Amino acid sequence: MKNIDKTKPVLVTGATGYLAGWLVKRLLEDGLSVHAAVRDPEKEHKVHHLNGIASNSPGTIKYFKSDLLDEGSYAEAMEGCELVFHTASPFTSDFDNPQKELIEPAVKGTDNVLNQANKTVGVKRVVLTSSCAAIYTDAKDVHETPNNILTEDIWNTTASLDYQPYSYSKTLAEKKAWEINKDQNKWDLVTINPSLVMGPPLNPKATTSESFSLLKQLGDGTFKMGAPKIGIGLVDVRDVAEAHYQAGFTPSASGRYITSAHNTNFVELGEALEPKYGKTYPVPTKALPKWLLFLIGPYVNKSLSRKFIQNNVNIEWKADNSKIKEDLNLSFKPMQRTMEDSFQVLIENDII
Ligand code: NAP
């Protein structure tokens, strides 16, 4: 049971990120002093939204220059903190070298930040942003589980460097975190494992998250003929931020937390947008047949390999979110609201 002193600063790694932005906002609005570790604090376009929030909140923000790959670079940012939120990790499908661009920053970064927690006096809890990707790779994996449902007991055993390396990076990083945690008894580890995160970005012009790329594709005509009916989970970015906050400050929080609101599929995301935006934007409401995807998929998008289509299209996805609802008293926003609020930001910023 770890009580966190709210008068001490809290560290957020990757504070420029889509998800971290909402977490920083939550902390600042609660009056906390946030140590924001970012790659380049001088890049105004990456941090201006955080400065805006800070100037209207009771909390304060201080930036620290840190890189996941530079050993020791989180030392200064962590000084004085009892609570560390480690969110930084690359989330992109745009890579040439998965080892260098995904695995190394995810795993070495976790090693770097958590070993720093070992060295820094006073750290009591680390909340790690893991992912449902550390639990499964393909929707097909759901049906290999004992009750056809993903739970916190399950680990991803099917991702590799050659197949879905992002999922592999999250699996290896979370495993590394539990290993480091096991070898000490100074701080406890809680992991937040979100499914696909959607919802409005706080800094839409500079958001690099893969979530935002997928959202754009729902409105830019990529899927105007229909979308692959890929089984996925969905959760609102604001609820994921709240999950982190509760995982940090609830003394009894422990272990992994599946953070997923809706068992859904990619076509239903388009359907949620249809009533409000369907007349003006080419949002998908039809599922493309699997045979057609086999033919065109790999040419349309490099992520749509035949193996991926085989293992995900028209396959139901299901996860058990009862642990986080019970332990952290979390409730989730309806999917329609999440999708509409996200899409509105694209429109208002002339992104689609
Ligand atoms: P994002 O906006 O791209 O955030 C990634 C963050 O990681 C950025 O702040 C980025 O910094 C930082 N980062 C990347 N490489 C770094 C490095 N070498 N050194 C220091 N910082 C580095 O994506 P996001 O969606 O918010 O993802 C945040 C976390 O949530 C990640 O751990 C991701 O795996 C996890 N997650 C996301 C989803 C989702 O659907 N979005 C679902 C489950 C889990 P820069 O701004 O400098 O690039």
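Because the structure is a prediction, the values reported are computed rather than measured. Atoms within each ligand, like the ligands themselves, are counted from 1 in listed order.
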- Message: Please state which option from G21, G233, A133, S130 has its nearest heavy atom closest to atom 44 (C) of ligand 1.
- Response: S130
- Item | Option nearest atom 39 (C) of ligand 1 (shortest heavy-atom distance, choices Y166, F212, F91) | F91
- ligand 1 atoms in contact with S195 (distance to a heavy atom under 4.0 Å): 40 (O), 42 (C), 43 (C)
- Rounded distance [0.5 Å steps], CD in E210 versus OG in S303: 6.5 Å
- Message: Can you confirm, on distance only, whether ligand 1 has an N/O atom lying under 3.5 Å from any N/O atom belonging to K170?
- Response: yes
- Regarding R26 and the six-membered ring of Y245, is the cationic atom NZ or CZ under 6.0 Å from the ring centre and inside 45° of its axis? yes
- Item | Donor-acceptor pair between T129 and H86 side chains, under 3.5 angstrom | no
- Note on the structure: Here the atoms of ligand 1 under 4.0 Å from any heavy atom belonging to T129 are 29 (C), 30 (O), 32 (O), 35 (C)
- Query: Near Y18, which atoms of ligand 1 are under 4.0 Å from a heavy atom of that residue?
  - Reply: 2 (O), 25 (O), 26 (O)
- Electrostatic pair R238:D341 at N-O distance under 4.0 angstrom: yes
- Can you sort out which atoms of ligand 1 are near G14, meaning under 4.0 Å from one of its heavy atoms? 9 (O)
- Message: For atom 5 (C) of ligand 1, tell me which residue out of S169, A106, S89 has the closest non-hydrogen atom.
- Response: S89
- Note: E174-R256 ion pair, threshold 4.0 Å (strictly below): yes
- Query: Less than 3.5 Å between some nitrogen or oxygen of L19 and one of ligand 1, yes or no?
  - Reply: yes
- Tell me which protein heavy atom sits closest to atom 46 (O) of ligand 1, plus the residue, atom name and distance to 0.1 Å. T16 OG1, 2.6 Å
- Task: Could you list which atoms of ligand 1 come closer than 4.0 Å to a heavy atom of S211?
- Result: 39 (C), 40 (O), 41 (N)
- Nearest non-hydrogen protein atom to atom 12 (C) of ligand 1, with distance, is A88 CB, 4.0 Å
- Message: Within the 4.0 Å heavy-atom shell around Y74, which atoms of ligand 1 are there?
- Response: 20 (C)
- Message: Quick test of your reading of the structure: of G109, S73, S209, whose heavy atom lies closest to atom 24 (P) of ligand 1?
- Response: S209
- Message: Which of the numbered atoms in ligand 1 are under 4.0 angstrom from any heavy atom belonging to T87?
- Response: 28 (C), 29 (C), 31 (C), 32 (O)
- Query: What protein heavy atom is closest to atom 4 (O) of ligand 1, reported as residue, atom name and distance in Å?
  - Reply: G17 CA, 3.6 Å
- Looking only at protein heavy atoms, identify the closest one to atom 19 (N) of ligand 1 and say how far it is in Å. L68 N, 2.9 Å
- Would you mind checking if D30 and K6 are paired as a salt bridge, meaning a charged N to carboxylate O distance below 4.0 Å? yes
- Query: What about D67: any of its N or O atoms under 3.5 Å from an N or O on ligand 1?
  - Reply: yes
- Item | Distance-only donor-acceptor check, side chains E268 and T264, under 3.5 Å | yes
- Heavy-atom contacts under 4.0 Å between M198 and ligand 1: side chain, backbone, both, or neither? neither
- Pair Y63, D40: side-chain N/O donor-acceptor within cut-off below 3.5 Å: no
- Item | Cation-pi check, K229 onto F266 ring (under 6.0 Å, within 45° of axis) | no
- Query: Quick one: are L161 and Q99 in side-chain contact, heavy atoms under 4.5 Å?
  - Reply: yes
- Any side-chain donor paired with an acceptor under 3.5 Å for N156 and T137? yes
- Work out whether the distance between some heavy atom of T208 and some atom of ligand 1 is less than 4.0 Å. yes
- Basic-acidic side-chain contact under 4.0 Å: K8, E82: yes
- Query: Going by the atom numbers of ligand 1, which of them fall below 4.0 Å from some non-hydrogen atom of K46?
  - Reply: 45 (P), 46 (O), 48 (O)
- Task: Just need the protein heavy atom nearest to atom 20 (C) of ligand 1, so name the residue and atom and give the distance.
- Result: R39 CG, 3.4 Å
- Item | E316 side chain reached by H143 side chain, heavy atoms, under 4.5 Å | yes
- For atom 40 (O) of ligand 1, closest protein heavy-atom neighbour: V197 N, 2.8 Å
- Message: Using 30° and 60° as the class boundaries, would you call the ring planes of F343 and Y281 parallel, tilted or perpendicular?
- Response: perpendicular
